[in-house]
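Scroll down for the structure; my scribbles are underneath it.
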There are 2 protein chains.
Amino acid sequence: MQRDTRQRRAIRTALKEAGHPLSPKELLELARQDVTSLGIATVYRNLRALEEDGWIEAVELPGDPPRYEVAGKGHHHHFHCRKCDRVYEVEGCPGNLSSVTPEGFELESHEFVLYGRCDACAA
Amino acid sequence: MQRDTRQRRAIRTALKEAGHPLSPKELLELARQDVTSLGIATVYRNLRALEEDGWIEAVELPGDPPRYEVAGKGHHHHFHCRKCDRVYEVEGCPGNLSSVTPEGFELESHEFVLYGRCDACAA
DNA sequence: GTCGTTGCAAAGCGTTTGCAGCCTA
DNA sequence: TAGGCTGCAAACGCTTTGCAACGAC
């Protein structure tokens, strides 16, 4: 990742402005508002490059292809709205994980996903 | 799902005997010990049929294709071993989820995955 | 014998890669 | 102007589907 191309700039801007994790396809649509010729392969290549540079982080939710969000937000989890399919960040962590870890198992990390309706869809 | 074929019997047996969630490929390999001619398409078709019948449940972990386990075990979560890649069931639940649910959001359910080393791999 | 089920091969779908041309530095 | 980057199209891996043959009931 050495050059600052129009495509890369559009992708970074879309990720920053969205404020929530984006799928490659969502990202393509958003970034195409700046660079109409943008191809999906370029999106995937830049996602990988940005992730290797630590600029973004993959958000992997069960049963879904990865979404991506700007990195450096500290430990958090996600809320997946069943109605609009959007993913939100949530702060906090239920903790108390060692009590559910089986005997002899070494716990290294955890993931945690909430499902339901976001405030907009619940209304 | 009306007929009790050799293939379906082999698939059910493999799922029951494994005791932990299996991927379609793992299942194919196990069930082929009974029915050598078994094809992957048949595995996928039977997984769907067994799931629709409520006989099995999909176990979706972040970033992984679905695994399948025998249904009816009640609420539980999973531990994914980073070394052997196997998935174990864990009992219990950290609870206390409403405290991390944002204002105005309606919580319907949750998923929860532990990562680390299983007892065999930790030794 | 019927028709649900199977195995194969082809089709889908999301993601990755090869390659020639483009454009940033 | 060099070579990193892009867009296109082909390749890939996993899952689904079409179809003729098979076999459970």
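The sequence lines fix the lettering, A, B, ..., with proteins before strands; numbering per chain opens at 1. Excluded from the calculations below are hydrogen atoms, water molecules and symmetry mates; all remaining heavy atoms, backbone and side chain alike, are included. Fair warning: this is a prediction, and the values are worked out from it, not measured in the lab.
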Q.
When you compare the side chain of A:D34 with that of A:R6, does any pair of heavy atoms fall below 4.5 Å?
A.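 Heavy-atom side-chain distance check fails, nothing below 4.5 Å.
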Q. Is A:E69 close to A:E89 at the side-chain level, that is, under 4.5 Å between some pair of heavy atoms?
A.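 When only atoms from C-beta onward are counted, A:E69 and A:E89 do touch, with a gap below 4.5 Å.
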(Q) Assuming nearest nucleotide by heavy-atom distance, tell me which of B:D4 and A:A41 is located more 5' along DNA chain D. (A)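 Looking at DNA chain D, the more 5' nearest nucleotide goes with A:A41.
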If you take atom types as modelled and just measure distance, does the side chain of [X] reach the base of [N] with a donor-acceptor pair under 3.5 Å?
| X | N | result |
| --- | --- | --- |
| A:R45 | D:dG7 | yes |
| B:R32 | C:dG7 | no |
| A:R6 | C:dC23 | no |

Atom [atom1] of [X] and atom [atom2] of [N]: how far apart are they, to the nearest Å?
| X | N | atom1 | atom2 | result |
| --- | --- | --- | --- | --- |
| A:Q7 | C:dG21 | CD | P | 18 Å |
| A:L28 | C:dT16 | CG | P | 14 Å |
| B:D34 | C:dT6 | CG | P | 14 Å |
| A:I40 | C:dG14 | CD1 | C1' | 9 Å |
| A:N46 | D:dG7 | CG | C1' | 13 Å |
| B:Q2 | C:dT6 | CD | P | 12 Å |
| B:L47 | C:dT5 | CG | P | 15 Å |
| B:R3 | D:dA21 | CZ | P | 18 Å |

Q | Per B:T42 side chain, nearest of listed nucleotides D:dG7, C:dG7, D:dT6 | A |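 Out of D:dG7, C:dG7, D:dT6, the nucleotide with an atom closest to B:T42's side chain is C:dG7.
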Q: Look at the side chain of B:T5 and decide which nucleotide, out of C:dT6, D:dC25, C:dC23, has an atom nearest to it.
A: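 Within the option list, the nearest is C:dT6.
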Q. Side-chain N or O of A:R8 less than 4.0 angstrom from OP1 or OP2 on D:dC5?
A.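 Checking D:dC5 against A:R8, a side-chain N or O does come within under 4.0 Å of OP1 or OP2.
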Q) Angle class for the B:F105/A:Y88 ring planes (parallel below 30°, perpendicular above 60°, tilted otherwise)? A)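 If you compare the ring of B:F105 with that of A:Y88, the planes turn out perpendicular.
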Q) Using 30° and 60° as the class limits, which term best fits the ring planes of B:H77 and B:H110: parallel, tilted or perpendicular? A)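 Because their plane-to-plane angle lies in the 30° to 60° range, the rings of B:H77 and B:H110 count as tilted.
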Q. Which part of the nucleic acid, if any, lies within contact of B:L38, taking any heavy atom under 4.0 Å across all strands shown: a base, the sugar-phosphate backbone alone, or nothing?
A.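 Here B:L38 touches the backbone only, sparing every base.
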Q. Got more than 12 heavy atoms from elsewhere within 6.0 Å of CD, B:E108?
A.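 Yes, enclosed.
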Q | Pairwise 5' ranking along DNA chain C for A:R48 and A:K25, keeping only the more 5' one | A |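 The answer here is A:K25.
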